[in-house]
Amino acid sequence: MSNLTLALAILGGLVLAAVVAYNTLMSRRNAPRQPDAVDVALAETERALAAGGDGGVEPMLHADPSQVAGSDRHEPLFDPDLPAPSGVPVPTGERRGGLDPLIDVIAPISLEGLASGDAALAAMPSTRRAGSKPVAIEGLNDLTSQWELPAPGQRYRAFQVGVQLANRTGALNEIEYSEFVVKAQAFADAVNGAPEFPEMLDEVARARELDQFASAHDAQLGFVLRALHAAWSPGYVQQNAARLGFVAGIIPGRMVLPTSEAGLPPILGLTFDTQAALADDPAQSAIRELSLSLDVPQVDRDEAPFGRMRETAAALAREMDGVVTDSDGQLLRDETMDVIGTDLEQLYDTLDARDLAAGSPLARRLFS
């Protein structure tokens with residue numbers, strides 16, 4: 001073999017080695033980022049300890065049954081394309097809210113004597129909705145003189161049946177009002193009561209006015225976090241979100257930031273590709289964007305939800321090598337964030353003035 005042939009063979013080997021090394025480097029660089037092994041081991045240890053201490057029961061977050069699919073009343077200040085957070089805790093504390101003339105049609109039912117809670121429960125309608133509007137029945141407890149949901153063993157001297165005037169599906173209409181009357185009348189007959197119904201046209205007009213107000217003051221904000229270089233694995237996203245206080249929801253690919261009070265809707269929602277979360281090997285799933293969302297009327301302003309949303313987005317972008325954009329891919333700069341924040345403060349003030357403060361029981365019902 002001549003010196004020239006040998007030199008060419010060596011040169012070819014070096015080029016081949018360089019190509020292989022380059023491809024390996026690029027493959028590693030473009031592979032989805034994985035969670036830190038130390039944090040994964042720590043999480044496994046904590047899970048094992050929890051299993052030994054409390055029977056291995058892991059807290060789960062449940063979807064809010066009041067969210068109605070196909071809503072046509074969503075007019076967010078910023079991004080209408082991103083879904084609202086849906087993983088929320090099941091209320092465990094005292095009962096919140098109740099029938100209120102501000103957002104409900106209320107039909108009082110007078111009784112000749114006392115009625116038992118057992119009889120009231122037996123007379124309850126099979127479905128507690130009139131069309132898309134929730135229907136509720138309350139009794140005036142003879143002992144406490146408080147309105148409450150009928151309970152066994154209690155006695156009531158009056159009842160009231162109500163239907164919500166509006167929600168995110170729109171205003172109460174004549175058909176829904178008629179269905180409400182049928183349900184209320186059937187309940188009244190079963191407890192030997194006499195109902196008194198408000199004038200339908202007046203209540204439907206009031207429903208439309210409330211719906212117009214709610215439509216003009218509904219806000220669901222959404223940011224998109226996009227990967228600049230390497231994609232992320234589901235574990236990597238979950239690890240970074242958990243460091244900021246997020247917990248897993250019941251739906252794969254969804255996490256939530258809980259409020260300071262148990263049983264209330266979450267402050268923020270974080271979602272990414274459900275298919276990636278359900279993959280046979282999630283570590284090989286590539287996620288290039290995730291969404292961060294805030295359902296403004298559902299969260300008390302004292303939680304500073306928008307400020308925490310900004311901080312969370314910035315922290316995730318910094319730690320995960322990403323950028324914060326809107327749904328069209330436009331970068332969201334500080335000036336834009338400031339404008340949104342100012343608009344939100346005005347919205348909060350308007351809701352307060354209408355006795356529908358963000359995060360209040362009435363606001364959570366109306367904007368659902």
Side-chain angles (χ1 to χ4, degrees), residues 64-76 84 88 91 93-109 124-125 127-140 146-150 158-184 187 195-220 263-265 295-301 347-368:
D64 183 355
S66 66
Q67 294 294 336
V68 180
S71 168
D72 59 0
R73 175 158 71 74
H74 293 279
E75 297 188 10
V88 297
E94 64 181 47
R95 175 169 170 262
R96 297 178 174 276
L99 293 176
D100 191 297
L102 184 63
I103 67 168
D104 294 303
V105 178
I106 300 177
I109 298 176
M124 288 286 187
T127 58
R128 310 288 175 81
R129 303 192 79 83
S132 62
K133 308 302 182 294
V135 172
I137 297 176
E138 296 180 334
L140 183 60
Q146 298 293 320
W147 289 103
E148 64 183 28
L149 294 177
F159 291 101
Q160 58 183 14
V161 184
V163 62
Q164 196 163 308
L165 287 165
N167 56 19
R168 279 177 171 157
T169 65
L172 181 76
N173 57 42
E174 289 86 350
I175 295 176
E176 291 172 326
Y177 187 91
S178 298
E179 185 178 345
F180 157 68
V181 169
V182 171
K183 291 180 182 292
F187 174 82
E196 182 180 346
F197 296 103
E199 176 60 39
M200 180 181 70
L201 294 181
D202 292 340
E203 295 304 307
V204 169
R206 195 160 67 95
R208 289 171 180 163
E209 188 277 332
L210 180 62
D211 181 62
Q212 289 174 359
F213 171 85
S215 296
H217 298 88
D218 199 353
Q220 296 175 50
L264 298 183
D295 194 343
V296 175
Q298 295 287 324
V299 184
D300 195 313
R301 72 190 299 182
L347 173 62
Y348 284 134
D349 292 340
T350 302
L351 293 175
D352 290 346
R354 187 70 181 248
D355 292 329
L356 291 167
S360 67
L362 292 184
R364 292 200 302 271
R365 288 176 55 203
L366 177 62
F367 297 95
S368 65

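If you're wondering where the values come from, they're calculated on a predicted model, not measured in any experiment.
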**Prompt:** If you draw the axis of the six-membered ring of F213, does the NZ or CZ of R354 fall within 45° of it and under 6.0 Å from the ring centre?
**Reply:**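 Yes, cation above the ring, under 6.0 Å and within 45°.
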Quick one: does [X]'s side chain have a donor or acceptor within less than 3.5 Å of a partner on [Y]'s backbone?
{"X": "S360", "Y": "A357", "value": "yes"}
{"X": "R168", "Y": "F367", "value": "yes"}
{"X": "E179", "Y": "G131", "value": "yes"}

**Request:** May I ask you to check whether over 12 heavy atoms, not counting those of E174, lie within 6.0 Å of atom CD?
**Result:**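 Above 12, so yes.
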For the student: nearest non-hydrogen atoms of [X] and [Y], plus distance:
{"X": "P134", "Y": "R129", "value": "CD-NH2, 3.7 Å"}
{"X": "G162", "Y": "F180", "value": "C-CE1, 3.8 Å"}
{"X": "K133", "Y": "G170", "value": "CE-O, 3.1 Å"}
{"X": "A207", "Y": "A166", "value": "O-CB, 4.2 Å"}
{"X": "V299", "Y": "A358", "value": "O-CB, 3.4 Å"}
{"X": "E138", "Y": "G98", "value": "OE2-CA, 3.4 Å"}

Could you tell me the separation between the [atom1] atom of [X] and the [atom2] atom of [Y], rounded to the nearest 0.5 Å?
{"X": "L165", "Y": "L210", "atom1": "CG", "atom2": "CG", "answer": "6.0 Å"}
{"X": "L366", "Y": "H217", "atom1": "CG", "atom2": "NE2", "answer": "11.5 Å"}
{"X": "E176", "Y": "M200", "atom1": "CD", "atom2": "CE", "answer": "12.0 Å"}
{"X": "F187", "Y": "M124", "atom1": "CZ", "atom2": "CE", "answer": "5.5 Å"}
{"X": "W147", "Y": "I137", "atom1": "CH2", "atom2": "CD1", "answer": "11.5 Å"}
{"X": "N167", "Y": "R364", "atom1": "CG", "atom2": "CZ", "answer": "15.5 Å"}

Under 4.5 Å between any side-chain heavy atoms of [X] and [Y], yes or no?
{"X": "P150", "Y": "F159", "answer": "yes"}
{"X": "S215", "Y": "D211", "answer": "yes"}
{"X": "D218", "Y": "P297", "answer": "yes"}
{"X": "R301", "Y": "D352", "answer": "yes"}
{"X": "V163", "Y": "K183", "answer": "no"}
{"X": "Y177", "Y": "P198", "answer": "yes"}

**Asked** Checking side-chain contact (heavy atoms from CB on, under 4.5 Å) for the pair V296/Y348: CA distance, chi angles, key distance, verdict?
**Response** CA-CA 9 Å; V296 175; Y348 284 134; 3.8 Å; yes
**Request:** List the steps, then state whether side-chain contact (heavy atoms from CB on, under 4.5 Å) holds for V161 with I106.
**Result:** CA-CA 6 Å; V161 184; I106 300 177; over 6 Å; no
**Message:** What I want to find out is whether R365 reaches D100 closely enough, with some N-O distance under 4.0 Å, to be called a salt bridge.
**Reply:**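 Salt bridge absent between R365 and D100.
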**Prompt:** Salt-bridged, E209 to R206, with N to O below 4.0 Å?
**Reply:** no
**Message:** Working note: L356 + L102, criterion side-chain contact (heavy atoms from CB on, under 4.5 Å); need CA distance, chi angles, decisive distance, verdict.
**Reply:** CA-CA 9 Å; L356 291 167; L102 184 63; 3.9 Å; yes
